[in-house]
Protein chains: 2
Amino acid sequence: MNSPKRAASKEPRPVKSAAITADLPTATALKLWVVLARSHDALVEVLKADIERHDLTLAEFAVMEALYHKGPQLLGEIQKRILVSSGGMTFLVDRLAKRGLAERRACPSDRRARYAALTKKGEKLMRSIFPEHAAVIQGAMMGLKQSEQRELTALLKTLGKEAARLAAETPACKAALAEQE
Amino acid sequence: MNSPKRAASKEPRPVKSAAITADLPTATALKLWVVLARSHDALVEVLKADIERHDLTLAEFAVMEALYHKGPQLLGEIQKRILVSSGGMTFLVDRLAKRGLAERRACPSDRRARYAALTKKGEKLMRSIFPEHAAVIQGAMMGLKQSEQRELTALLKTLGKEAARLAAETPACKAALAEQE
DNA sequence: GATTAGTATCTCAGTAGTGAGAGGATTATA
DNA sequence: TATAATCCTCTCACTACTGAGATACTAATC
């Protein structure tokens with residue numbers, strides 16, 4: 001076996017760890033994190049399999065989807081939206097351009113900036129791919145009723161907002177603060 | 001700027017896409033996917049920042065955590081648990097071994113298999129790191145009340161189970177079925 | 001105008017991780 | 001026994017990404 005894919009094992013889990021069961025609120029949060037990570041991974045696997053049929057990586061697809069739904073955008077805008085590094089952004093657009101799916105366009109008012117946009121070919125591809133892909137997503141969510149999906153969305157939104165706030169505080173701030181001696 | 005981190009932008013989102021608003025159940029599912037992915041990413045960022053303080057990648061930490069909580073295990077068991085490839089598993093244990101945090105042990109009953117286990121040093125490190133890490137997780141989840149966290153966990157579990165079932169069906173099966181002519 | 005800070009992209013060296021396949025060991029079947 | 005099938009790990013070539021810094025431009029302040 002090479003890739004892990006789904007484990008068929010029954011999760012024996014006979015031992016309960018002292019460290020985890022130590023204190024209830026912590027245990028609840030840890031459990032939530034594990035379950036969230038696992039369902040996310042399972043979904044990613046399903047979606048990735050769908051997208052790879054068209055020889056696209058998830059990141060490439062994310063770029064194309066952003067362009068498809070929001071139109072031409074600055075590289076930096078897409079970068080923030082799909083959360084890749086600046087180097088990765090350049091790389092992704094390069095690759096899509098090489099395949100004739102996207103292209104760069106100059107920004108008339110700011111010569112530093114470049115727009116990325118879908119080519120005709122890229123748009124045609126998205127028009128044929130996207131509905132299928134949406135159907136796959138819908139299929140992957142079928143474990144939950146629509147009302148449950150909406151409830152889940154609301155909860156995740158709250159969770160995500162708080163986590164994002166926290167993440168924005170943390171990153172290079174320590175270094176920055178440290179340098180202010 | 002190099003890495004994207006959190007976008008401070010207000011998500012203008014003036015245009016509603018025809019493709020997305022086309023049909024309600026699909027729209028619900030797509031929305032859920034976006035929100036799930038975003039909160040997952042935000043959490044990963046927070047946790048990663050915490051773990052990197054100790055010069056560990058998330059994957060290395062995952063291995064150590066598995067060993068810490070479940071004791072010595074076959075490489076294959078860990079692999080299934082943390083979902084990395086077989087090559088990645090070897091690589092991860094190598095790196096932990098090089099740093100003296102983990103070690104390989106022969107399996108007495110099966111000479112193909114190797115156990116991975118924490119060294120004294122690795123266990124000591126986990127004892128000092130893990131409680132902090134658990135606190136960070138708990139902190140990242142503070143946007144939700146405990147009851148909400150439990151509700152969210154339940155919904156995600158159902159979702160994840162169905163998605164995992166779907167993922168297990170899909171992967172190489174097409175190829176396999178195709179070969180049976 | 002000159003200087004400084006800020007912003008947007010690109011370059012490039014480096015890295016974590018993948019996955020096909022090999023090798024060696026075990027188990028099942030004939 | 002053979003021998004076939006299966007299992008567990010490791011090797012290795014490869015790839016998608018990262019992130020520090022470079023480059024090129026714009027904006028703000030003197």
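Below, chain A is the first sequence line, B the second, and so on; all start at residue 1.
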> Just grab all the ring-ring contact (aromatic ring centres under 6.0 Å, His included) pairs involving residues 33-53 of chain B, residues at least two apart or on different chains.
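For residues 33-53 of chain B, and leaving out neighbouring residues, the ring-ring contact (aromatic ring centres under 6.0 Å, His included) pairs sorted by first residue read A/Trp33-B/His40, A/His40-B/Trp33, A/His40-B/His40.
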> Between A/Gln149 (side chain) and A/Met141 (backbone), is there a donor-acceptor pair under 3.5 Å?
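Here the side-chain-to-backbone pair exists.
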> Do the side chains of B/Leu118 and B/Phe91 join up, straight or via other hydrophobic residues, at under 4.5 Å, putting them in one cluster?
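Not linked; separate clusters.
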> Does B/Ser86 contact D/dC8 through a side-chain donor or acceptor facing the base, at a distance under 3.5 Å?
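A donor-acceptor contact between them is absent.
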> Could you list, one pair per line, each protein nitrogen or oxygen that sits under 3.5 Å from a nitrogen or oxygen of nucleotides 12-17 of chain C, together with the distance?
unit_1: C/dA16; atom_1: OP1; unit_2: B/Arg95; atom_2: NH1; d: 3.2
unit_1: C/dA16; atom_1: OP2; unit_2: B/Arg95; atom_2: NH1; d: 2.9
unit_1: C/dA16; atom_1: O5'; unit_2: B/Arg95; atom_2: NH1; d: 2.8

> Just the rounded figure in Å: distance from P of D/dT23 to CZ of A/Arg111.
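Answer to the nearest Å: 18 Å.
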> Return the 5'-most residue of the pair A/Asp110, A/Met89 with respect to DNA chain D, ranking by each residue's nearest nucleotide.
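It is A/Met89, whose closest nucleotide lies nearer the 5' terminus.
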> So, applying side-chain contact (heavy atoms from CB on, under 4.5 Å) with B/Leu155, which one of A/Leu155, A/Leu156, A/Val35 is it?
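One option only clears the test, and that one is A/Leu155.
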> For the side chain of B/Arg114, counting heavy atoms from C-beta on, which of D/dC10, C/dA25, C/dT9 is nearest?
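It is D/dC10.
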> Measure the distance from CG on A/Leu56 to P on D/dT15 and round it to the nearest whole Å.
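Interatomic distance, CG of A/Leu56 to P of D/dT15: 16 Å.
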> Which residues pass the ring-ring contact (aromatic ring centres under 6.0 Å, His included) test with B/Phe61, sequence neighbours left out?
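For B/Phe61 the ring-ring contact (aromatic ring centres under 6.0 Å, His included) partners, ignoring immediate neighbours, are B/His133.
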> Name the residue closer to the 5' end of DNA chain C, choosing between B/Pro108 and A/Tyr115 according to the nucleotide with the nearest heavy atom.
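Result of the comparison: A/Tyr115.
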> If a pair satisfies salt bridge (Lys or Arg N to Asp or Glu O under 4.0 Å) and one of its residues is in residues 104-113 of chain B, list it, with sequence neighbours excluded.
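Every salt bridge (Lys or Arg N to Asp or Glu O under 4.0 Å) pair that includes a residue of residues 104-113 of chain B, provided the two are not neighbours, is B/Asp94-B/Arg104, B/Glu103-B/Arg105, B/Asp110-B/Arg112.
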> Would you check if the side chain of B/Gln146 reaches a backbone N or O of A/Thr28 as a donor-acceptor pair within less than 3.5 Å?
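Looks like no, no N/O pair under 3.5 Å.
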> Look at B/Arg104 and D/dC10 and indicate whether a side-chain polar atom (N or O) is within less than 4.0 Å of OP1 or OP2.
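Yes, within the criterion.
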> Can you pull out every salt bridge (Lys or Arg N to Asp or Glu O under 4.0 Å) where at least one residue sits in residues 147-158 of chain B? Sequence neighbours excluded, please.
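Output for this query is empty, none listed.
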> Restricting both atoms to N or O, compile the protein contacts to nucleotides 2-6 of chain D shorter than 3.5 Å, with distance only.
none

